[in-house]
Amino acid sequence: MSHTPSLDAAVPAEGGYDAYAIQQKWQARWAEKDPFRAGGDEDTRPRKYVLGMFPYPSGDLHMGHAESYAYVDVVARFWRHRGYNVLNPIGWDSFGLPAENAAIQRGADPREWTYANIDQHKKSFREYGSSYDWSRILHTSDPGYYRWNQWLFQRLYERGLAYRKQSPVNWCPNDQTVLANEQVVDGRCERCGAEVVKKKLTQWYFKITDYADRLLDDLNQLEGFWPQKVIRMQRNWIGRSVGADIEFEIEGREGRVTVFSTRPDTLHGATFFVVAPDSDLAAELAAGSSTAVRMRFQDYLESVQRETDIERQSTDRPKTGVFLERYAINPVNGERLPIWAADYVLADYGHGAVMAVPAHDQRDLDFARAFDLPVKVVVDTTAPVTGAIPIIELDDDGVPIDPGGEESPLDSIDPAKTGIALTGEGRMINSGTLDGLSKRNAIARMVEQLAAAGTGRAAKSYRLRDWLISRQRFWGTPIPMIHTEDGRIVPVPEDQLPLTLPDVQGLDLAPKGTSPLGGATEWMQTVDPETGEPALRDPDTMDTFVDSSWYFLRFLAASDETQAFPPREANKWAPVDSYIGGVEHAILHLLYARFITKVLFDMGLVEFTEPFSSLINQGMVLLDGSKMSKSKGNLVEFAASMVDPGADAVRVAIAFAGPVEDDINWEDVSTTGAQKFLARAWRVAQDVTSDPDVIWAEGDTALRRVTHRLLADAPGLVEQTKFNVVVARLMELVNATRKAIDSGAGPADPAVRESAEATAMILDLFAPHLAEEMWEILGYDGFVGLVPWRNADPTLLVEDTVTSVVQIDGKVRATLQVPARIDAAELERLARADERVVRSLAGREITRAVVRAPKVVSFSTH
RNA sequence: GCCGGUGUGGCGGAAUGGCAGACGCGACCGACUCAAAAUCGGUUGCCCGAGAGGGCGUGUGGGUUCGAGUCCCACCACCGGUACCA
């Protein structure tokens, strides 16, 4: 035997191996040599930045983490083998509610809970064998990190992108804090599940809506590199609508009111006007009306405000509203439109008011039918929109002459009767100079007319709202602003940053609707930097999504005390080449990170506009049909699984379980199958008897072909994230090698060594501990994790003979072994002569033959 | 409602328009063993047949093609996103 079995890896008597001993042995060596640190300026290899979405340190890792970080490591190790200088850092998203809630429960400091959990995570990641660059660790709850959140906030403030406004906000009554729109899921708090209510508060916002167009348009760049699903979700979330702003006069009121409409073509069909009950305009209009109206409006407003989002969003809910006894004037025809307040119009979309065109909008129609308001059809959806424009005869006043006589097909689809709004294509009627135009042309014409009259213009509107970043909680980044006695708001001076959190001692963290920091009396007291007069700090902290919106840049110099990140390093490493994490961040985190990246670009700090060049979304790990979680009690303990079955088996089992993007049922994950496979691989390495200097070309060709096909195919499979297929192919290679050893070329054949070495190198992506052990058994020093990829020999990828299929009328009737380079005529001759073909034909005549040499011959008999 | 995705053995899943079910789990049979575990070998889509062989088969119905899991049309089921966004 050319090798010495490792002394410190205990070898059990029955021919298996001790996975845990091997794991510990190689983890110690990695810790000592630190082989996965990213190369610096002197490193001339091309760079790859591989990043897993950083974890939140609640408790220990679980199988969801095991999945995600196994994939991250596959990608990082792959690119290292492929000759890249790989950056693969790890950090912790360590501010946030769970730490605070745990602290409240135990009367402890959230810091202690957080950092104890982080220590456990670090230990677990070491035990998992993840190939991180451990020199770049960051925790967002360190002052050295959140100091730069404060820097970022102030830069946004300077650019007008951070601002305060009073507005109805999402309020979680359980967590006693506001929530961003993105954190409300089905009307409930994303974290605790409590029903969210609206509350009018003055809060800090980031003006992400200024970037709506770029956030939408730049998604085109990501097409093909991000999952289609995520791109779609972001597009829907931003929700751009194109149409027009139209201005209406209101009787008895100075100035005009603007509404947004995607259907300005239907302006002649407007029969009433609706304002959101919780808008300032509604309050103003009601105030200027009769006492009776004021009282009815007040009652209505209160009933609307009592509703939760869930009630409000329930479908098929009857329309409600109150008539304000005021009138808007249609700018195109001077018609008086009664103004209603109704909750189907939202205060924070568009301008909080709409022109109602019941004939062509379902919601307006439902309302009109509920309150008996007129319906006026202005688009004939029965008229053809392609082909020639029908000639419409006009009388002397330019009004179309009704041809009369026959009943118009429109009567049968009259929305007032059917209750179905006509939203489709058609031609304009009852619309003055627009008559006869198609919907599309009419929209363009109306916009022109409004612009000419000064009563409107083309406009866009977005579903996306500004990002509410204030939080009434303790465990987050303090907002670095000062409220002066005379009501100004000024930034904390740069030299006083970081503005660190006060000691938790003596603070009441329990949720009470205002920030716990407000109770830190001494901490709150400061001075107006301009006047020296006493002033107060802002008691709120930032949404933790601010922390995670730029952390990938902080890894490039995690301990830099002079700047958030060095632009030079950022432009060398970023954007992230492979970003890996769960689809639950499809909107929140990814949208915010994209936004902040664009702001940094505008500031001239980075040269790219998108943070993540490619995105891999892994599915979830489920147990009993639901996501593993402590509260559900369906956890598979990570720490225990590292001992048995061990890190390698867990990683292989997960990678093999199915496609990366699909959910995995833990019941379907076979760690015993993975263990068996790993033991077989180990035994193959054990059985190799040749020396490392054998000449592979002298080895068994059949086995060499299997090895080289895998060497050729694996890179493409990894890049397509078909990790399960790569593992399957590795199993095939190990099986083929086993066969060669036992009943073929024998253990001394160079092809057996070559195959074992290739197995170790590729297995490193999934089972790095065993791969290192095999590499050592095979007689090599150094880490297999750093071995360059072995390129396939192209001559071994070409087969001498192939299996050719003969089909008769679409059914396979025979297979032939033929030379790979056979020509069509020869192949057809062989096929016609084949005994099984003759038998299947049973005398029928071949009427057509299609030959695709060397793979297929297809005969037809009719 | 709107937008998107997915339907393949008992199970997880493979399959550039060219032998469907790779690889594995499970199950069954056998070897080794006093026995069990581990390991090794074999069988395993369904139906008919002792066998050779034949028929059927990728949610359903149609279509394109010499040839369809794959492309097109319609439908069904399930999953995800979003939802009074004017």
Side-chain angles (χ1 to χ4, degrees), chain A residues 12-16 185-187 227-237 239-241 243 259-264 266 274 276 312-317 319 342-346 348-357 360-364 366-367 461-465 583 586-587 652-653 656-659 661-665 667-677 679-680 683 716 722 724-732 734-735 738 742-743 803-815 836 839 846-852 855-862:
Chain A
E14 295 300 327
V185 178
D186 292 335
Q228 195 51 240
K229 178 182 173 176
V230 176
I231 293 176
R232 284 246 157 68
M233 283 167 70
Q234 292 223 353
R235 286 205 177 113
N236 289 342
W237 190 262
R240 179 162 65 195
S241 300
V259 304
F260 173 77
S261 174
T262 54
R263 294 294 304 277
T266 62
V274 187
R312 215 185 144 134
Q313 286 170 5
S314 72
T315 46
D316 297 334
R317 172 166 166 272
K319 291 279 184 287
D343 71 349
Y344 81 93
V345 171
L346 306 176
D348 60 351
Y349 180 77
H351 305 282
V354 302
M355 65 179 208
V357 185
H360 305 290
D361 181 282
Q362 191 61 49
R363 296 152 301 178
D364 295 341
D366 293 344
F367 192 84
S461 193
Y462 304 88
R463 220 190 69 102
L464 181 71
R465 310 295 151 86
V583 74
I587 295 172
V652 167
F656 186 59
E661 61 277 11
D662 289 5
D663 289 348
I664 296 174
N665 291 310
E667 297 90 332
D668 299 329
V669 174
S670 173
T671 54
T672 52
Q675 283 176 296
K676 273 196 216 171
F677 160 62
R680 285 164 67 81
R683 251 178 284 123
K722 295 188 170 186
N724 56 330
V725 181
V726 179
V727 174
R729 295 287 301 274
L730 269 170
M731 289 173 171
E732 286 180 304
V734 169
N735 291 343
R738 181 79 257 152
D742 290 345
S743 55
T803 304
S804 192
V805 173
V806 186
Q807 296 182 352
I808 296 170
D809 294 332
K811 291 191 189 303
V812 176
R813 294 299 180 190
T815 57
R836 288 159 299 186
R839 181 156 27 97
I846 294 169
T847 56
R848 178 166 182 188
V850 175
V851 183
R852 294 274 176 276
K855 300 201 74 172
V856 172
V857 180
S858 181
F859 293 132
S860 308
T861 64
H862 48 260

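Residue numbers begin at 1 in each chain, while the letters A, B, ... track the order of the sequences.
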Under 4.0 Å from OP1 or OP2 of B/C25: is there any side-chain N or O of A/K676 that close?
yes
Taking B/A86, B/U39, B/G26 as options, the one with an atom nearest any side-chain atom of A/S241 is B/A86
> So do the side chains of A/V652 and A/V727 get within less than 4.5 Å of each other, counting heavy atoms only?
Replying inline: yes
| B/G4 to B/C72 separation - P atoms, rounded to the nearest Å | 14 Å
_For a quick check of understanding: with a heavy-atom distance under 4.0 Å over all strands, which category does A/D364 fall into, base, sugar-phosphate or nothing?_
nothing
Residue pair A/D742/A/T672 against RNA chain B: nearer the 5' end by closest nucleotide is A/T672
Rounded to whole Å, the CD1-C1' distance (A/I587 to B/G80) equals 11 Å
(request) Could you tell me whether A/S461 contacts a base, only the sugar-phosphate backbone, or nothing, with contacts defined as non-hydrogen atoms closer than 4.0 Å? (result) nothing
Which of B/C66, B/A86, B/G55 is nearest the side chain of A/T262? It is B/A86
Looking only at B/C23, B/A86, B/C84, the nucleotide nearest the A/A728 side chain is B/C23
A/R683 CZ to B/C40 C1', in whole Å, measures 9 Å
Hey, does the side chain of A/D809 reach the backbone of A/T861 with a donor-acceptor pair shorter than 3.5 angstrom?
yes
Checking N1-N3 plus N6-O4 or O6-N4 for Watson-Crick, or N1-O2 and O6-N3 for wobble, each under 3.5 Å, the partner of B/U44 is B/G26
*Residue pair A/V806, A/V812: steps toward the side chain to side chain contact (heavy atoms under 4.5 Å, CB included) verdict*: CA-CA 6 Å; A/V806 186; A/V812 176; over 6 Å; no
Notebook entry, point to check: Is the closest side-chain heavy-atom distance between A/Y349 and A/Y462 below 4.5 Å?
Noted result: no
Base orientation of B/G9, chi within 90° of 0 counted as syn, else anti, reads syn
TODO: Consider only side-chain N and O atoms of A/R680 and A/N735, and report whether a donor and an acceptor are under 3.5 Å apart.
DONE: yes
- Task: For A/Q807, answer base if it contacts any base atom (sugar-phosphate contacts may also be present), sugar-phosphate if it contacts only those atoms, and nothing otherwise; contact means non-hydrogen atoms under 4.0 Å.
- Result: base
Please classify the nucleic acid contact of A/R839 as base, sugar-phosphate, or nothing, using heavy-atom distances under 4.0 Å. nothing
Paired with A/I231, the side chain to side chain contact (heavy atoms under 4.5 Å, CB included) test is passed by just one of A/Q234, A/R235, A/M233, namely A/R235
Scanning all shown strands, the Watson-Crick or wobble mate of B/A15 with both distances under 3.5 Å is none
*asked:* Run A/V583 and A/K229 through side chain to side chain contact (heavy atoms under 4.5 Å, CB included) and show every step you take.
replied: CA-CA 9 Å; A/V583 74; A/K229 178 182 173 176; 4.3 Å; yes
*asked:* Distance check, P atoms only: B/U16 and B/U65, in whole angstrom units.
replied: 24 Å
Taking the side chain as everything from C-beta on, heavy atoms only, tell me whether A/F656 gets closer than 4.5 Å to A/S670.
no
Partner of B/A68 under the Watson-Crick or G-U wobble criteria, both distances under 3.5 Å, comes out as none
Notebook entry, point to check: For B/G81, does OP1 or OP2 lie under 4.0 Å from any side-chain N or O of A/R235?
Noted result: no
- Message: Categorize A/R680 for me: base, sugar-phosphate, or nothing, with a 4.0 angstrom heavy-atom threshold over every strand shown.
- Response: sugar-phosphate
Checking B/C66, B/C84, B/A22 against the side chain of A/R317 (C-beta onward), the nearest is B/C84
**Item:** Distance below 4.0 Å between A/K811 side-chain N/O and B/C56 OP1 or OP2
**Value:** yes
Comparing A/R738 with A/S860, nearest RNA chain B nucleotide closer to 5' gives the residue A/R738
| request: Write down the distance separating the C1' atoms in B/C3 and B/C28, rounded off to the nearest Å. | output: 48 Å
Note to self: Regarding A/R317 and A/D343, does a basic nitrogen lie under 4.0 Å from an acidic carboxylate oxygen?
What the structure shows: yes
> What distance, rounded to whole Å, do you find between the two C1' atoms, one in B/G45 and one in B/A20?
Replying inline: 10 Å
To the nearest angstrom, the CH2-C1' distance between A/W237 and B/G80 comes to 15 Å
*Using the C1' atom as the reference point in each nucleotide, state the distance between B/C66 and B/A14 in Å, no decimals.*
26 Å
- Expressed as a whole number of Å, how far does the P atom of B/C19 sit from that of B/U58? 15 Å
Below 4.0 angstrom, N of the basic side chain to O of the carboxylate: do A/R465 and A/D348 qualify? yes
- Query: Which part of the nucleic acid, if any, lies within reach of A/V812 when heavy atoms closer than 4.0 Å are counted: base, sugar-phosphate only, or nothing?
  - Reply: sugar-phosphate
The Watson-Crick or G-U wobble partner of B/C2, with both key distances under 3.5 Å, is B/G81
From the candidates B/U82, B/A22, B/U39, the one with an atom nearest any side-chain atom of A/R463 is B/U82
Quick tally for nucleotides 1-15 of chain B: nucleotides whose base has a protein heavy atom under 4.0 Å get B, sugar-phosphate-only ones S, the rest -, giving --SS------SBSSS
Paired to B/C32 by Watson-Crick or G-U wobble criteria (both distances under 3.5 Å) is none
Which of B/C66, B/C40, B/C84 is nearest the side chain of A/K319? It is B/C84
A/Q675 atom CD is separated from B/C25 atom P, nearest whole Å, by 12 Å
Q) Between B/G61 and B/A68, how far is it from one C1' atom to the other, in whole Å? A) 16 Å
Handout entry: C1' atoms of B/G5 and B/C11, separation to the nearest Å
Key = 23 Å
pair_partner(B/A74), Watson-Crick or wobble, both distances < 3.5 Å, evaluates to B/U60
Exercise for the section: Determine, for A/Y344 and A/K319, whether the Lys NZ or Arg CZ falls below 6.0 Å from the six-membered ring centre while staying within 45 degrees of the axis. Expected result: yes
In whole angstroms, the gap separating C1' of B/G18 from CZ of A/F859 amounts to 15 Å
Whole-Å distance, A/N735 CG to B/G42 P, equals 10 Å
Against the side chain of A/V354, the closest entry in B/U39, B/G18, B/A86 is B/A86
Taken to the nearest whole Å, CZ/A/F677 to C1'/B/G24 is 11 Å
Taken to the nearest whole Å, CG/A/D809 to C1'/B/U65 is 14 Å
Per atom distances to the A/E732 side chain, the nearest of B/C25, B/G81, B/C23 is B/C23
